[in-house]
Amino acid sequence: MSELPPNGNQDDLPDPLDPFDEIIAEAQTSAADAAGDRDPDLAVIEAGSRTLRTQGGAPQADVPTRPADPEVDKALREVEAELATRWGETKLEPSVDRIAALMDVLGDPQRSYPSIHITGTNGKTSTARMVEALLGAFDLRTGRYTSPHVQSITERISLDGAPISAERFIETYEDIKAYVEMVDGMQEYRLSFFEVLTGMAYAAFSDAPVDVAVVEVGMGGSWDATNVIDGDVAVVTPIDLDHTDRLGETTGEIAAEKGGIIKQDATVILAQQPVDAAQVLLKKAVEVDATVAREGLEFGVVARQVAVGGQMVTLRGLGGEYPEVYLPLHGPYQAHNAAVALAAVEAFFGVGSQRPDPLDIDTVRKAFAAVSSPGRLEVVRRSPTVVLDAAHNPAGARATAEAVGEAFDFSRLIGVVGASGDKNVRGLLEAFEPIFAEVVVTQNSSHRAMDADELAAIAVEVFGDDRVQVEPRLPDALEAAVTLAEEEGEFAGGAVLVTGSVITVGEARLLLGKG
């Protein structure tokens, strides 16, 4: 039985945990060597930079740490190691045959609850978190499945707004393991890493049980592993060019793949889209008799203004206006994500079709005020300010750059960029060029990471040689960036933005003491 996808090789398998563990161990050793018997719990923070001491910043979001119990941690690592032997998330064979077979032997757990299915290019995870918060505020038990994770694999599967425990993650894997192996033996290729996790999520939601599942696609839509559900509500966040080698060369072609989540008689919530993408999605909706609500027409953002720690927005939903809603996230794009999330939840409750009244405004306000989105313009340190953002394609980078200019008043912003080799890195850097005084290029521990020197060569073409510094190790890159940000003085408004990849952001978050 082949372990590899067509034309695949072992380099395409997901990373084991060891590379980043080695970084942390090396940082701890360095700190210990430099400071003798200094408290080892401070080692990771100090490895990031001698200046990253202040515990200020936004409250820590719901990103779980490693289990405190050594036995549980060992068991979780064993599960992660087993999952890491499977195809990685970037190796795809466009088919839902394997995941459908797994669902069949599990008794189709994904049919035991209604679902809201979310696709698009950018904004999927933030939108999913907002949808989850709204549903939870209306006393529904939720399950949320998102990817990739920032720090812990358990983040991907949430119940009632919080990642499942390591113990429950392990139990879920053990519960379905025999069925996974059964399907492996029936198929030409084994189930992939993402397919097994999807099966775990759907099984965990059924076992809970949840009242509604909020599911983010991994990639595309029609052949994505998540697409064995029939979402009552299908959400399409803004579509842009990404994964063009797999999804298509134009936004219209990409929309054709993502539109595969639109099912018979569903309600479709469309964020603002390029014209060709909108045409494709509307045609798909007509073919399956789906009802469509479009941002800018049936719903949208009426007004917004910057507020401390986020923004104050007025949203127009399917049932009317929702004024003075505080959203503790930065940037115009997050306001648009909020409008999409609100419309999706209204549609789920039948607002605008079965019932004319809007949702309770106080409950909506309470839900949005509690939203967090780790790694999305997340402030993790002060003096100087260090911000993490997982933008990894040009469209995401442009949105982040706009949001930084609006939400912060930095006098000097230093970028730390570590990107994946399969991304449009030049476009990413060009989007950040206007806001970065200088950029420190680095690489994360993933085998997909672009080599720091290769990234630097592109950065020099975009920024010029005098604005680019190369630090292959992320701890060194963080320290170098903080030093550059402090050149104007401690209180001069210098800051650091770490970006380019979810993996880079997750590793920086851990180095900076958040987890």
Side-chain angles (χ1 to χ4, degrees), residues 1-10 12-16 76 78-113 115 117-119 124-125 128 143-149 153-158 164 169-207 213-231 243 246-247 257-258 260-261 448 502:
M1 187 70 63
S2 173
E3 297 284 332
L4 298 173
N7 303 317
N9 56 62
Q10 290 291 337
D12 296 313
L13 295 175
D15 295 339
L76 179 60
E78 289 173 354
V79 171
E80 290 169 315
E82 288 187 27
L83 290 170
T85 66
R86 297 179 176 274
W87 297 8
E89 289 172 279
T90 59
K91 267 298 176 196
L92 302 169
E93 195 250 339
S95 166
V96 295
D97 291 345
R98 289 180 302 279
I99 186 67
L102 178 60
M103 292 296 99
D104 183 54
V105 298
L106 290 175
D108 286 322
Q110 81 283 9
R111 307 287 184 202
S112 63
Y113 41 80
S115 56
H117 205 179
I118 303 173
T119 190
K124 296 188 296 295
T125 299
R144 172 173 52 84
Y145 180 51
T146 54
S147 61
H149 57 272
I153 194 170
T154 59
E155 295 167 39
R156 296 181 181 229
I157 305 173
S158 290
I164 64 173
F169 186 91
I170 296 163
E171 290 169 4
T172 303
Y173 177 75
E174 293 297 335
D175 284 345
I176 74 166
K177 182 177 179 180
Y179 299 98
V180 168
E181 292 172 348
M182 181 189 306
V183 173
D184 284 343
M186 297 162 50
Q187 301 292 320
E188 183 179 3
Y189 304 111
R190 296 170 71 210
L191 287 153
S192 71
F193 170 86
F194 187 71
E195 287 167 337
V196 175
L197 280 175
T198 302
M200 290 173 60
Y202 290 163
F205 296 162
S206 179
D207 185 60
V214 183
V215 178
E216 173 190 342
V217 303
M219 185 185 298
S222 60
W223 41 256
D224 186 74
T226 63
N227 202 30
V228 288
I229 57 172
D230 293 326
H243 301 295
R246 299 177 177 90
L247 303 179
E257 288 295 336
K258 294 184 181 293
I261 73 164
R448 294 173 56 206
V502 175

Would you mind reporting whether E155 and P148 have side-chain heavy atoms less than 4.5 Å apart? no
Got I153 and L197 here, is their nearest side-chain heavy-atom distance under 4.5 Å? yes
Do the side-chain N and O atoms of Q110 and S115 include a donor-acceptor pair separated by under 3.5 angstrom? no
Y173 and F193 aromatic centres sub-6.0 Å: no
Starting at [atom1] of [X], measure out to [atom2] of [Y] and round the result to the nearest 0.5 Å.
X: T125; Y: H149; atom1: OG1; atom2: NE2; value: 12.5 Å
X: I176; Y: M182; atom1: CD1; atom2: CE; value: 12.0 Å
X: I118; Y: I261; atom1: CD1; atom2: CD1; value: 8.0 Å

State whether the side chain of N227 and the backbone N or O of G260 hold a donor-acceptor pair below 3.5 Å, judged by distance alone. yes
Any sub-3.5 Å donor-acceptor pair from S206's side-chain atoms to Y202's backbone N or O? no
For E181, which residues count as a salt bridge (charged side-chain N to carboxylate O under 4.0 Å, His left out) partner, sequence neighbours excluded? none
Who pairs with D230 by salt bridge (charged side-chain N to carboxylate O under 4.0 Å, His left out), at least two apart in sequence or on another chain? R111, K263
Please determine whether the number of non-hydrogen atoms from other residues, nucleotides or ligands lying under 6.0 Å from atom OH of Y179 exceeds 12. no
Would you sort out whether K177 and E82 count as a side-chain contact (heavy atoms from CB on, under 4.5 Å), showing the intermediate values? CA-CA 10 Å; K177 182 177 179 180; E82 288 187 27; 3.4 Å; yes
Using the rule salt bridge (charged side-chain N to carboxylate O under 4.0 Å, His left out), only one of R190, R98, R86 pairs with E195; which is it? R98
In sequence, state the C-alpha distance, the side-chain angles, and the governing distance for E216 and T226, and then conclude on side-chain contact (heavy atoms from CB on, under 4.5 Å). CA-CA 8 Å; E216 173 190 342; T226 63; over 6 Å; no
Pair T146, K124 - check side-chain contact (heavy atoms from CB on, under 4.5 Å), show working. CA-CA 8 Å; T146 54; K124 296 188 296 295; over 6 Å; no
Determine whether T198 and D224 satisfy the following criterion, side-chain contact (heavy atoms from CB on, under 4.5 Å), listing intermediate values before the conclusion. CA-CA 10 Å; T198 302; D224 186 74; over 6 Å; no
